[in-house]
Amino acid sequence: MEDEDLRLAPRTKAAELLVWAEAEGREPVAESPLRAVLALLELGEGRMHDGWPELTSAAVEHLLYERLYLYVQPEPGQDPLAYGAAVRLLIDHRRAAKRLNAKRQERLHAEAEWQGEVAAGLLRRADLVTWPRLYTLLLRADGVETADGEAVRAWLEGFRELPEEERLAAFTALEADGVLDPVDDGGWEGGGRTLAVGMATDGARRLLEQGLMRRSYRNLAELTALGRPMPEELAGDFGAFEEAAALVALELAGTWTVPGLPELLVAEFPELAPEPGPAEIDAYLAGLDAAWADEQAAAEEPEDGDGYGPTEADDGDGPTRADAEAEEPAE
């Protein structure tokens, strides 16, 4: 999968944007958030022009409110507001390139500022992590050298040997230690949070795969228009192309968390990062429905079995069976 026309992995213009910012005397933006922003915009459903994302309100909202928290885990000491700042820098660059007018620049700037603040909050919510993000936080909390692939694998092997209750306790400790903000969703006990994280992880990876393939299709459309042959990977069975997209998606997710970690969780440690199938989801939802029905039945059940209090009229101040019988019309 080396054909340049396929171009699965994004080749963002982050370096060019940083050079422009310095030449313009702009406040510097961290390179890591900038690369993530540019890549996710490019892999979204928005249009591209000359290698740059075409910015719209929908694209900005989609990135900061719906996509960012699925993929990125800010580096230690990094301000999560940097992602919004990266978007604002890109907005100003596109205005300088005459791809935005002044009115749209102003509107997008305001939207990116408040959406960036929202994104910073979403990145801290304990119920919105994905497995790669969660294990990135655990690795950092335990002081693992995340640039060392063997150290990461060794830690995962050790974590796998722990009883399940200890692993869940480690997840909960991230909230207790202030690494993540707790939410009132029942926590890790009961399986609901685990199910949600697994579903989010699976969905995020599939979205990334689709974005990578869609990006390549855009490039391949030009080949078709010019009458050039398709790359060998697409000449017949699409299986190789899909497999390559899946691999690149995992690699790319690792650049936003810990390199190699997403692939390890899928290929070698799936029991640490379960992604439920339809049957598991249905079983969990059925259990919730049954529990809710039991609660409703218990709430509606009369305390004395027939809705009345004591049989004697003077044994309480509520309605009694004697009162009811006295009020019944004679036959």
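Note that the structure is predicted; figures quoted are calculated from it, not measured.
- Side-chain atoms of Arg125 do not come within 3.5 Å of backbone N or O of Asp181 as any donor-acceptor pair.
- Checked for salt-bridge contact, Glu150 and Arg153 meet the test: a charged N lies under 4.0 Å from a carboxylate O.
- Residues Arg133 and Tyr71 form no side-chain contact, since every pair of their non-hydrogen atoms from C-beta on lies 4.5 Å or further apart.
- Remark: side-chain polar atoms of Arg67 are not paired, donor with acceptor, to backbone N or O of His62 under 3.5 angstrom.
- With Arg193 contributing its side chain and Gly186 its backbone, the two residues share no donor-acceptor pair below 3.5 Å.
- Side chain of Thr201 to main chain of Trp131: a donor-acceptor pair is present (N/O by atom type, distance under 3.5 Å, no hydrogens or angles).
- Atoms CG and CG, on Leu90 and Leu38 in that order, are 6.0 Å from each other to the nearest 0.5 Å.
- A donor-acceptor pair is defined here as one N or O able to donate and one able to accept, closer than 3.5 Å; such a pair exists between the side chain of Arg104 and the backbone of Leu55.
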Does the side-chain contact (heavy atoms from CB on, under 4.5 Å) test come out yes or no for Leu208 and Leu70, once each step is laid out? CA-CA 10 Å; Leu208 207 54; Leu70 291 174; over 6 Å; no
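- In this structure, the side-chain hydrogen bond (donor to acceptor under 3.5 Å, both in side chains) partners of Glu31, at least two apart in sequence or on a different chain, are Arg35.
- Put simply, the side chain of Arg11 never gets that close to the backbone of Gly51: no donor and acceptor are under 3.5 Å apart.
- The closest donor-acceptor contact from the side chain of Asp79 to the backbone of Leu81 lies under 3.5 Å.
- For Arg160, the CZ atom sits in a packed shell: over 12 heavy atoms of surrounding residues, nucleotides or ligands are nearer than 6.0 Å.
- Closest non-hydrogen pair, Leu123 versus Pro80, comes out as CD1-CB, 4.2 Å.
- Side-chain atoms of Asp142 never come within 3.5 Å of backbone atoms of Val144 as a donor-acceptor pair (strictly under, hydrogens ignored).
- The minimum heavy-atom distance linking Gly178 with Arg124 is given by the pair O-NH2, 2.8 Å.
- Salt bridge annotation for Arg88-Glu113: absent, with no cationic side-chain nitrogen under 4.0 angstrom from a carboxylate oxygen.
- Of the N and O atoms on the side chains of Ser57 and Glu111, at least one donor lies less than 3.5 Å from an acceptor on the other residue.
- Among all heavy-atom pairs drawn from Met48 and Pro53, the shortest one is SD-CA, 3.6 Å.
- For Tyr135 and Phe159, the ring centers sit closer than 6.0 Å to each other.
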Give the intermediate values and the outcome of side-chain contact (heavy atoms from CB on, under 4.5 Å) for residues Arg214 and Glu45. CA-CA 9 Å; Arg214 185 170 55 246; Glu45 298 182 2; 3.8 Å; yes
